[in-house]
Amino acid sequence: MSVLVTGGTGYIGSHTVVELINAGYEVVIVDNYINSKPEVLDAIQTITGKKPRFYNLDVIDKVGLKKVFQENKIDQVIHFAGLKAVGESVSKPLEYYRNNIDSTLSLLEVMKEFSVKNLVFSSSATVYGEENDFPYVETMRLGTPTSPYGKTKLFIEMILKDVNHANPELNVAVLRYFNPIGAHPSGLIGEDPQGLPNNLMPYITRVAAGKLDTLHVFGNDYPTQDGTCERDYIHVVDLALGHLAALKKLESHPGFVVYNLGTGKGISVLELIHDFEDVNHLKLNYVIDKRRPGDLPAYWADASKAKRELNWETKLTAKDACRDSWNWEKHNSGK
Ligand code: WQD
């Protein structure tokens with residue numbers, strides 16, 4: 001019996017595949033490399049001693065997807081595959097709606113055809129929108145994400161809820177999280193954005209490595225502790241283990257369940273910068289710049305439900321993530 005991981009050579013996907021293999025699962029990956037590289041498969045093999053079966057295809061491709069299910073006994077799926085750049089989604093909404101929603105519909109149709117009943121969906125805390133007060137809890141009415149990217153996550157959650165309602169034998173775990181950071185302690189896999197990083201941590205590591213000149217802190221006049229935005233930064237290895245905990249939960253046939261995965265607290269941009277400098281014994285070149293449109297001052301999640309029901313909580317700290325991201329940047333990022 002195998003777990004199918006769509007987007008399994010991506011940042012969160014690859015870390016989840018490592019933990020799945022370490023936990024004794026057989027893994028099959030489907031990925032089109034739109035945001036990853038073939039070298040990730042070799043890295044997974046180096047870390048775990050096993051190379052997962054791999055299909056280079058787009059999840060939208062139902063013919064290709066059927067072949068995967070015909071050639072492997074898939075009994076659970078973790079669905080990461082999707083476009084995920086918030087800013088890009090604003091300029092390319094059609095591409096995001098087509099890709100992220102169609103690929104999920106194709107996956108659900110093929111899962112139904114092969115009677116595969118357990119799905120973990122990688123969603124995003126962005127579905128809480130701006131209307132809700134933080135810390136966000138799963139019972140809140142969902143908001144209206146500002147980006148088409150966030151809306152695809154919201155729409156997919158709604159689709160999954162409706163499909164589960166019509167097919168109660170389908171078990172779905174929706175996982176909502178914010179800002180994954182860090183890398184596997186081996187330094188062999190990590191966040192490897194192509195081109196100029198949008199997210200904070202890869203920008204920090206590339207400035208530290210001298211690949212970029214200066215980190216621009218987008219605003220220090222927010223109503224927060226030090227004026228810079230606060231976020232719930234979660235170590236990607238903790239996040240991967242959260243996906244395994246959700247997979248386990250589905251074995252008890254819970255139906256449609258939702259969990260926040262996070263630390264439950266916010267860290268500011270300046271705090272993360274200072275953590276990075278302290279733990280790696282270096283000074284970062286940064287300047288305070290104007291605000292980035294669309295940024296919210298602060299948000300984070302209440303992850304107590306995952307603790308109660310999945311027996312999962314974060315174990316690694318932001319400093320662990322700063323150490324591991326720097327280790328990844330020094331040894332492998334961008335290769
Ligand atoms: C974090 C903070 C920036 C870069 C996004 C998506 C969210 C999720 C995670 C998928 C903010 C500041 C950043 C820089 C900076 N993705 N920053 N200089 O925007 O919180 O969340 O990624 O689910 O959906 O919205 O992440 O890393 O871009 O920014 O000052 O060069 O760092 O202003 O306050 P964000 P981020």
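Just so you know, these numbers come straight off a predicted model, no measurement behind them. Read the numbers this way: they start at 1 and go in the same order the structure lists the ligands and their atoms. Side-chain atoms are counted along with the backbone in the values below, which use heavy atoms only and exclude waters and symmetry mates. The residues of the chain are indexed from 1 along the displayed sequence.
- Remark: ligand 1 atoms within the under-4.0 Å shell around heavy atoms of S124 are 23 (O), 24 (O).
- Side-chain N/O atoms of N72 and Y55 include a donor and acceptor closer than 3.5 Å.
- Using a 4.0 Å heavy-atom cutoff, Y233 is listed among the residues neighbouring ligand 1.
- Using a 4.0 Å cut-off to heavy atoms of F178, the atoms of ligand 1 that qualify are 8 (C), 9 (C).
- Ring planes of F54 and Y33: parallel class, angle under 30° (limits at 30 and 60°).
- At least one heavy atom of Y149 sits closer than 4.0 Å to an atom of ligand 1.
- Protein heavy atom closest to atom 29 (O) of ligand 1, with residue, atom name and distance, is R292 NH2, 3.3 Å.
- By heavy-atom distance, the residue among L296, N199, I181 lying nearest atom 22 (O) of ligand 1 is N199.
- Checked for salt-bridge contact, R176 and D302 miss the test: no charged N lies under 4.0 Å from a carboxylate O.
- Ring orientation note: the planes of Y149 and Y96 are nearly perpendicular, at an angle over 60° on the 30°/60° scale.
- Ring geometry, F276 versus W326: the interplanar angle exceeds 60°, so the pair is classed perpendicular (tilted spans 30 to 60°).
- Within the listing of ligand 1, atoms 31 (O) sit less than 4.0 angstrom from a heavy atom of L215.
- In this structure, Y286 falls outside the shell of residues with a heavy atom less than 4.0 angstrom from ligand 1.
- Of the N and O atoms on the side chains of K84 and N35, not one donor lies less than 3.5 Å from an acceptor on the other residue.
- At least one heavy atom of R231 sits less than 4.0 Å from an atom of ligand 1.
- Ion pair K51/D42 flagged as a salt bridge, since at least one NZ, NE, NH1 or NH2 atom sits closer than 4.0 Å to an Asp/Glu carboxylate oxygen.
- The protein heavy atom nearest to atom 35 (P) of ligand 1 is N179 ND2, 3.4 Å.
- In summary, the atoms of ligand 1 found under 4.0 Å from a heavy atom of V217, numbered by their order in the structure, are 30 (O).
- Using a 4.0 Å cut-off between charged nitrogen and carboxylate oxygen, K248 and E251 count as a salt-bridge pair.
- With ligand atoms numbered from 1 in the order given, ligand 1 contributes 4 (C), 28 (O) to contacts under 4.0 Å with heavy atoms of N198.
- The protein non-hydrogen atom at the shortest distance from atom 18 (N) of ligand 1 is H216 O, 2.8 Å.
- Proximity to C229 (heavy-atom distance under 4.0 Å) selects the following atoms of ligand 1: 34 (O).
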